[in-house]
Structures are given as structure tokens and as C-alpha cells.
Amino acid sequence: MSAEKLRAVVDHDMTPFNDTERLVIELADAMTDTPANVADDLYKRLRNQFSEEQLMQLGGQIAFENYRARWNRIFNIESGNLYQGTLE
């Protein structure tokens, strides 16, 4: 992911992302909300863009990343500082 897109995520700015990327971000936001709620309209838009198999894989990956993030919070695991750029 480009530094521009990383900065945009921090700033909640979706303009650098294309329509498909914005749709996936919307799904990730819906799935990681508490409680998770993927609205019928969002699901319909996703099904217009992705096959059922692709959507299952995408949803599974988002769920796994959410699991990892929450697991890391239990043990106060911080970033490994792998990103060497700057987000300012």
C-alpha cells in the first residue's frame, strides 16, 4: 500500500482509494463494529462486485485480522515497527 493510502487511512480520507477498495473498507468497518452489522444494501453492492467465493475469502480474512488485532490487545502486543516511512 502506498504511503499516500496509509496516510489517508489515518486521516479517514477515502479519496485515494478506488471504488472497489472503498467497498472493501466499508465491509471491514461493518464487520469490525460491535456488534458487527453488514447491512443488506452493503451485501448487495458486494455481491455485484465479488463472487460468493471471493466474498467468503474476503470476509474470512477481515475476520481473521480483527481476531488478531483483538488478541494482540489482550497481551499488549505493539507494532513491530516494520513500516519505515512516515505518516505525517
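All values below come from the heavy atoms of this structure, side chains included, with hydrogens, waters and symmetry mates left out.
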When you look at CE of Met56, are more than 12 heavy atoms from neighbouring residues, nucleotides or ligands closer to it than 6.0 Å?
no
Check whether any side-chain heavy atom of Glu26 lies under 4.5 Å from a side-chain heavy atom of Met14, and answer yes or no.
no
State, with a plain yes or no, whether a side-chain heavy atom of Val10 is found less than 4.5 Å away from one of Arg7.
no
Criterion salt bridge (Lys or Arg N to Asp or Glu O under 4.0 Å) on Lys44 and Asp41, from CA distance to verdict
CA-CA 5 Å; Lys44 181 179 178 182; Asp41 175 66; over 6 Å; no
Applying salt bridge (Lys or Arg N to Asp or Glu O under 4.0 Å), can you list everything that pairs with Glu4, at least two apart in sequence or on another chain?
none
Just by distance, do the side chain of Asp33 and the backbone of Ala36 share a donor-acceptor pair under 3.5 Å?
no
Looking only at heavy atoms, the pair that brings Leu55 and Tyr43 closest together is CD2-CE1, 3.5 Å
Taking Arg45 for the side chain and Leu23 for the main chain, is one N or O donor matched with an acceptor at less than 3.5 Å?
no
In residues 59-67, what donor-acceptor pairs under 3.5 Å come from side-chain atoms, sequence neighbours left out?
unit_1, atom_1, unit_2, atom_2, d
Gln61, NE2, Glu65, OE2, 2.9
Glu65, OE1, Arg68, NE, 3.1
Glu65, OE1, Arg68, NH2, 3.0
Asn66, OD1, Arg70, NE, 3.1

Report yes if the side chains of Arg47 and Glu52 come closer than 4.5 Å at any heavy-atom pair, otherwise no.
yes
Within the distance-only criterion (no hydrogens, no angle test), does the side chain of Gln54 pair as donor or acceptor with the backbone N or O of Ser51 below 3.5 angstrom?
yes
I would like to know whether Phe17 and Val9 meet side-chain contact (heavy atoms from CB on, under 4.5 Å); could you show each step before the answer?
CA-CA 10 Å; Phe17 298 96; Val9 170; 3.7 Å; yes
Is there a donor-acceptor contact under 3.5 Å from the side chain of Asp11 to the main chain of Asp13?
no
When rounded to the nearest 0.5 angstrom, what is the spacing between NZ in Lys5 and CD1 in Ile25?
8.0 Å
Taking atom CG as the centre, does Asn18 end up with more than 12 heavy-atom neighbours from other residues, nucleotides or ligands that are less than 6.0 angstrom away?
yes
